[in-house]
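Whatever order the structure lists ligands and atoms in, that order sets their numbers, starting from 1. It should be emphasised that the depicted structure is a prediction, and the values quoted were computed from it without experimental measurement.
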Amino acid sequence: MAEKKIIAVIGATGAQGGSVVRAILSDPNGGYTPRAITRNVNSDKAKKLSDKGVELVTADASDLESLKKAFSGAYGAFCVTNYWEYFSPEKEKEHAKNMALAAKAVGIKHAIWSTLEDTRNWVPLNDNRMPTLMGKYKVPHFDGKAEADKYFKDAGVPTTFLIASFYWENLIYFGSGPKKGSDGKLALIYPMGDKKLAGIAAEDIGKCAYGIFKAGNKYIGKTVGIAGGHLTAKEMAEKLTKAIGKEIVYQEVSPDTYRGFGFPGADDVGNMFQFYRDFEKDGLEIRNLEVTRSLNPELKNFDEWLAENKDRIPLE
Ligand SMILES: NC(=O)c1ccc[n+]([C@@H]2O[C@H](COP(=O)([O-])OP(=O)(O)OC[C@H]3O[C@@H](n4cnc5c(N)ncnc54)[C@H](OP(=O)(O)O)[C@@H]3O)[C@@H](O)[C@H]2O)c1
């Protein structure tokens, strides 16, 4: 039997990378094997991977040499940065640049870079509908990733640029779940108006990425957006109500109100929602449901995701 192609996975202990590892493991005859990259091979999450027989390699995205070693001998690399650990597009760009340089240095045949749109192509810095943040960004956690696309392109790494959607897990872990609204009712409090938000089960990101690797050269040089559903916040609230059995309403707030909520990154996330709201058509077109399903026939919609996760959503 031919030797399996190694996919080196950054963020293997996290949501995106972890889902890539699990997608590869779920297809033992697919011809690929994951290599999990982590800063700490002794963490509980890393140990869970090694218990499943996954190769663990230590590397830090801020250390180019460590990434070269971690990518060495691999066919593919899944590259993701964790903006929410440092809240800095500059650091995110540095990390992505190191991933691109390491991929080039060791001859990676196919990298997937988990990027997002450059929202400044829709809302230039002088457009005051939303505040400019950190001096030169509109949505810092999007714009920095988009800027980093150039590192993969300039280095000549065969790359697919993967654009994910709002994880529905944000309802569980990211503070985006139902909260008591001003009238005391449980509410999804988003500045989305009546516009649709592209969302996805985080586990499907890895399945789509695996689909992209399996497609060979088809998506190299391409940008691929993915989503499991396009729903208004009102539709999300109605589905939550049905699944949980408690009334949850949609309470619309203005982007300004949302930016003022005061949690770390509220201005960044407020701008993100405003971008999705004001450019609904483009955001949804980029995240095409048919393309996503073709990459991942097991793609879950919001109802299916809710059926599995409804009991994990905190109701504050
Ligand atoms: N939440 C959403 O709706 C959404 C949607 C689209 C895109 N995103 C983007 O997704 C990214 C986060 O991905 P995630 O959700 O998979 O994160 P996560 O679950 O919080 O996991 C973060 C992962 O990054 C790894 N990591 C962090 N810093 C590292 C470094 N310096 N070197 C090597 N590995 C490092 C961690 O590995 P170790 O700790 O094991 O080293 C961990 O596996 C963010 O940039 C965010 O903007 C989020």
- Message: Heavy-atom contact check, 4.0 Å cutoff: does K45 meet ligand 1?
- Response: no
- Message: For atom 27 (C) of ligand 1, what is the closest protein heavy atom, and at what distance to 0.1 Å?
- Response: R39 NH2, 3.3 Å
- Item | Heavy-atom gap S165 to ligand 1 smaller than 4.0 Å | yes
- Within-4.5 Å side-chain heavy-atom neighbours: T81 and W113: yes
- From the candidates Y83, Y167, F174, the one that places a heavy atom nearest atom 13 (O) of ligand 1: Y167
- Relative to the heavy atoms of E92, which atoms of ligand 1 are at a distance of less than 4.0 Å? 45 (O)
- Query: Just which atoms of ligand 1 are under 4.0 Å from any heavy atom in H141?
  - Reply: 47 (O)
- Message: Looking at E65 and K68, is any side-chain nitrogen of the basic one under 4.0 Å from a carboxylate oxygen of the acidic one?
- Response: yes
- CD/E55: more than 12 non-hydrogen atoms of other groups inside 6.0 Å: yes
- Under a 4.5 Å cut-off applied to non-hydrogen side-chain atoms, are D204 and K300 in contact? yes
- Message: Students should be able to answer this: which protein heavy-atom is nearest to atom 21 (O) of ligand 1, and at what distance?
- Response: G14 CA, 3.3 Å
- Can you list the ligand 1 atoms lying under 4.0 Å from a non-hydrogen atom of N170? 1 (N), 2 (C), 3 (O)
- Plane angle bin for W84 and F87 - parallel if under 30°, tilted between 30 and 60°, otherwise perpendicular: perpendicular
- Item | Residue F166 vicinity, atoms of ligand 1 by number, heavy atom under 4.0 Å | 3 (O)
- Of all protein heavy atoms, the one nearest atom 47 (O) of ligand 1 is K145 NZ, 2.7 Å
- Item | Common cluster, L284/Y190, ILVMFWY with side-chain heavy-atom separation under 4.5 Å | no
- Message: Out of all atoms in ligand 1, which are within 4.0 Å of some heavy atom of T81? Include the element for each.
- Response: 11 (C), 12 (C), 44 (C), 45 (O)
- Looking only at protein heavy atoms, what sits closest to atom 20 (O) of ligand 1 is N82 ND2, 3.5 Å
- Please state which protein non-hydrogen atom is closest to atom 32 (N) of ligand 1 and give its distance, to 0.1 Å? A61 N, 2.8 Å
- Note on the structure: atom 23 (C) of ligand 1 has as its nearest protein heavy atom G11 CA, 3.8 Å
- Lys/Arg cation over aromatic F213: K109, 6.0 Å, 45° cone: no
- Query: Would you say ligand 1 has an N or O under 3.5 Å from any N or O of L116?
  - Reply: no
- atom 19 (O) of ligand 1: the protein heavy-atom neighbour that sits closest, reported with distance to 0.1 Å: A15 N, 2.8 Å
- Per-atom contacts, ligand 1 versus E85 - under 4.0 Å to a heavy atom: 27 (C), 28 (N)
- Using 4.0 Å as the upper bound for N to carboxylate O, is an ion pair formed by E285 and K281? yes
- Task: Flag the pair E147 and K97 as a salt bridge only when some basic side-chain nitrogen lies within less than 4.0 angstrom of an acidic carboxylate oxygen.
- Result: no
- For this output row, return yes or no: ring centroids of Y86 and H95 closer than 6.0 angstrom. yes
- Note on the structure: Checking heavy-atom distances from atom 37 (O) of ligand 1 to each of T13, L162, D60, I226, the winner is T13
- Has ligand 1 got any nitrogen or oxygen that is less than 3.5 angstrom from a nitrogen or oxygen of N40? no
- Item | Check ion pair K234-E238 (N to O, under 4.0 angstrom) | yes
- Message: Give me the residue, atom name and distance of the protein heavy atom closest to atom 7 (C) of ligand 1.
- Response: Q16 NE2, 3.7 Å
- Side chains of R22 and K207: does their closest heavy-atom pair fall under 4.5 Å? no
